[in-house]
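Notes to accompany the following structure.
We name chains A, B, ... by the order of the sequence lines, and we start the count at 1 in each one. Computed over heavy atoms, backbone and side chain alike; hydrogens, waters and symmetry mates excluded.
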Amino acid sequence: MSVRVRFAPSPTGLLHIGGARTAMYCYLIAKAQGGQFVLRIEDTDLERSKKEYEEKMIDDLKWLGIVYDEGPEKGGKFGPYRQSERLDLYKDLAWKLVKEGKAYPCFLTKEELDALTEKAIAEKNAPHTYHGQYRDLAPEEAQKRIDAGDEFVIRFKNHQKTYTFNDLVRGEVTFGPDMVGDFVILRSTGMPVYNFCCVIDDWKMEMTHVIRAEEHLPNTLRQLMIYEALGAEPPIFCHVSLLIGHDRQKLSKRHGATSVTQYRDQHYLPQALNNYLCLLGWSHPEERDIFQLEDIIPVFDLNRFNKSAALYDIQKLNFFNQQHLKLKSGPELVTHILEVLPKDHPFRAFDSAKQEKVALFFVEKVQLVTEFEQQLDVLFKAQLESNEEVAEVESWETTGLIRDYIKSQVEVLMADGVQNASSDTFNEWLGYIKKEMKIKGKPLFKGLRVVLTTQAEGPDLKEIIPLTPMAILKDRLGI
RNA sequence: GCUCCUAUCGUCUAGCCCGGUCUAGGACACCGCCUUUUCACGGCGGUAACAGGGGUUCGAAUCCCCUUGGGAGUACCA
């Protein structure tokens, strides 16, 4: 039987990086075993679910390169893939369980429920679970109240058993009999509840593996009970460790940028995000750390998940982004740079060969594409910010001499209509100053640098100068 | 409170299942050196960890128990 794995987000917000990580693991597991990866939208919470979020999530998944074989819009033979379009299925099965005596209508009001919870809290050592007062109400009696229009929910009849299952990452997990009471499967609004829909869909969609974050671990108990009541075979569960923030709490909005959209907006590379996220809780069999998603599909090993929570560290993400940036080809880099540069940036005026040259040269110096703009200033901005060192170099007598010489040379070049100095001309300048003017060492290089770039440090001069437009040089020299 | 999960450098982790090869390996960050007459890149090196206590064993990071710490869940959210 083919492996089938699903990612089932609820569209109540933007795609969270934790969600992206789970989706990626699902995708990887499915693909590693030649199976299918399915996207299912869990939108039974009508209050909070929004169509825009669903669209945005799908778009972000696409951006990450996590492609699903079946899902909303795309279709597939197990559809529909939106829970809001499968409501009749859940309701029918809920009532089927009622008929079989495995669930029952409950008429407890909200106030009565609250009172019970308070009482449980007051009695220390007691689990805050509810054991149904209506579970033994005669079916005819219940029907009478329903017909009379009394508000009700359907609760699952829990038999207080111990459940054990084998989790792919946790190993054997056991839940004691007092963990939950008779929980709701159908709300008073007639809407089914997450744990119920989830089981039905995973069953009907023939999922072989359920991969999700550890926060869902306690839900597994309820789900196991539902599988049993339905007479369905549970899938293999795999509860992946949680992503946490610097306070060691579950990663959430207050930890800063936590949605894929935010990283996308900041022009992070999807490959970098995938790569970093993948290594948070999973390790490469050969301990490789920089890779593309496609490359690890053949080696993706389900036994290499780490059990403990992983701290999300943006500094390391930045490192991965830098590494993946350096993996890009010249033309790819130029495209990325062009995306983030202002419309009127002079870099755009360069021909593509020169653009590539510049891109490949400066990529060493940045972690994010957005940092290129500032790096490019050394080429395109006449006057850069001064500092103490610049002032000191300026004060040297030799620096003035160098300036006068360079000025005269640039004037000659300009008279010839030259657009940019070549690396040869730069070498000539260097040779002349050294031999004829007898300036060498620090005064030579620092002096030249300050004269040519108005800065005391920066990229290799002999690379930079041929790329600097003559107009900028002219400006810097005060011609 | 109750239930479940979890514990190796500051962080991500390898090693644990199948005890000796672990004076615990790699990566990020940090520091130093080399390279570059600068910066960055790169190369080399350094600081830095088996939570604590009991067992079992000739031998434990690895197996067992307890303690402590951390986390999650505890909904008519997902």
Report the distance from atom [atom1] of [X] to atom [atom2] of [N], rounded to the nearest whole Å.
{"X": "A/D313", "N": "B/C12", "atom1": "CG", "atom2": "P", "result": "9 Å"}
{"X": "A/R248", "N": "B/G10", "atom1": "CZ", "atom2": "C1'", "result": "10 Å"}
{"X": "A/F196", "N": "B/C76", "atom1": "CZ", "atom2": "P", "result": "15 Å"}
{"X": "A/E286", "N": "B/A27", "atom1": "CD", "atom2": "P", "result": "16 Å"}
{"X": "A/K462", "N": "B/U38", "atom1": "NZ", "atom2": "P", "result": "11 Å"}
{"X": "A/Q323", "N": "B/G42", "atom1": "CD", "atom2": "C1'", "result": "11 Å"}
{"X": "A/W396", "N": "B/U38", "atom1": "CH2", "atom2": "P", "result": "13 Å"}
{"X": "A/N195", "N": "B/U74", "atom1": "CG", "atom2": "P", "result": "10 Å"}

Among [options], the one nearest [X] by side-chain distance:
{"X": "A/S188", "options": "B/A72, B/C76, B/C12", "result": "B/C76"}
{"X": "A/K250", "options": "B/A72, B/C5, B/C28", "result": "B/A72"}
{"X": "A/R304", "options": "B/A78, B/G15, B/C39", "result": "B/G15"}
{"X": "A/Y194", "options": "B/A78, B/A29, B/G73", "result": "B/A78"}
{"X": "A/E214", "options": "B/C76, B/C5, B/U38", "result": "B/C5"}
{"X": "A/D45", "options": "B/U13, B/A78, B/C76", "result": "B/A78"}
{"X": "A/D460", "options": "B/A27, B/A29, B/U38", "result": "B/U38"}
{"X": "A/E42", "options": "B/A78, B/A72, B/U37", "result": "B/A78"}
{"X": "A/F175", "options": "B/A40, B/C4, B/C41", "result": "B/C4"}
{"X": "A/M179", "options": "B/G73, B/U37, B/U3", "result": "B/U3"}

Looking across every strand, which nucleic acid part, if any, lies under 4.0 Å from [X] by heavy atom: base, sugar-phosphate, or nothing?
{"X": "A/T12", "result": "nothing"}
{"X": "A/N303", "result": "nothing"}
{"X": "A/S283", "result": "sugar-phosphate"}
{"X": "A/R449", "result": "base"}
{"X": "A/N219", "result": "base"}
{"X": "A/G171", "result": "nothing"}
{"X": "A/F319", "result": "sugar-phosphate"}
{"X": "A/Q249", "result": "sugar-phosphate"}
{"X": "A/V184", "result": "sugar-phosphate"}
{"X": "A/R288", "result": "nothing"}
{"X": "A/H216", "result": "base"}
{"X": "A/E287", "result": "base"}

Do NZ/NE/NH1/NH2 and the carboxylate oxygens of [X] and [Y] come within less than 4.0 Å?
{"X": "A/R449", "Y": "A/E457", "value": "no"}
{"X": "A/E214", "Y": "A/R170", "value": "yes"}
{"X": "A/E42", "Y": "A/R40", "value": "yes"}

Between [M] and [N], how far apart are the [atom1] atoms? Round to whole Å, please.
{"N": "B/C50", "M": "B/G10", "atom1": "P", "result": "9 Å"}
{"N": "B/U21", "M": "B/C16", "atom1": "C1'", "result": "15 Å"}
{"N": "B/G26", "M": "B/G45", "atom1": "C1'", "result": "15 Å"}
{"N": "B/U62", "M": "B/G54", "atom1": "P", "result": "14 Å"}
{"N": "B/U47", "M": "B/A40", "atom1": "C1'", "result": "24 Å"}
{"N": "B/U11", "M": "B/A49", "atom1": "P", "result": "12 Å"}
{"N": "B/G55", "M": "B/A14", "atom1": "C1'", "result": "28 Å"}
{"N": "B/U56", "M": "B/A48", "atom1": "P", "result": "33 Å"}

Map A/G176 and A/A309 onto RNA chain B by nearest heavy atom, then report which one ends up closer to the 5' terminus.
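Taking each residue's closest nucleotide, the earlier one in sequence belongs to A/G176.
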
Judged by each residue's nearest nucleotide on RNA chain B, which is more toward the 5′ side, A/D289 or A/V366?
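Its nearest nucleotide being more 5', the pick is A/D289.
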
Taking 4.0 Å as the cut-off, does a side-chain nitrogen or oxygen of [X] come that near to OP1 or OP2 on [N]?
{"X": "A/K307", "N": "B/U6", "result": "yes"}
{"X": "A/N306", "N": "B/A14", "result": "yes"}
{"X": "A/T44", "N": "B/A78", "result": "yes"}
{"X": "A/K326", "N": "B/G42", "result": "yes"}

Do the side-chain N and O atoms of A/T164 and A/T174 include a donor-acceptor pair separated by under 3.5 angstrom?
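Yes, a side-chain donor-acceptor pair sits under 3.5 Å.
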
Establish, from distance only, whether the side-chain atoms of A/N275 and A/Q292 form a donor-acceptor pair under 3.5 Å.
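No, no side-chain donor-acceptor pair sits under 3.5 Å.
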
Let's test this: given Watson-Crick or G-U wobble pairing with both distances under 3.5 Å, identify the partner of [N].
{"N": "B/C44", "answer": "B/G32"}
{"N": "B/U37", "answer": "none"}
{"N": "B/C58", "answer": "B/G20"}
{"N": "B/C2", "answer": "B/G73"}
{"N": "B/U11", "answer": "B/A27"}

Show, in sequence, the C-alpha distance, side-chain angles and deciding distance for A/Y104 and A/Y134, and conclude whether the ring pair (Phe, Tyr, Trp, His ring centres under 6.0 Å) test is met.
CA-CA 8 Å; A/Y104 60 92; A/Y134 285 89; 8.1 Å; no

Measure up the [X] and [Y] rings against each other and bin them: parallel (under 30°), tilted (30 to 60°), perpendicular (over 60°).
{"X": "A/F426", "Y": "A/W429", "answer": "perpendicular"}
{"X": "A/H216", "Y": "A/Y194", "answer": "tilted"}
{"X": "A/F175", "Y": "A/F165", "answer": "parallel"}

Looking at the base of B/C76, is there any donor atom on it, or on the side chain of A/T189, that sits under 3.5 Å from an acceptor on the other one?
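It does not, because no donor-acceptor pair links the side chain of A/T189 to the base of B/C76 below 3.5 Å.
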
Passes side-chain hydrogen bond (donor to acceptor under 3.5 Å, both in side chains), A/N321 versus A/Y276? Steps please.
CA-CA 9 Å; A/N321 200 76; A/Y276 175 59; over 6 Å; no

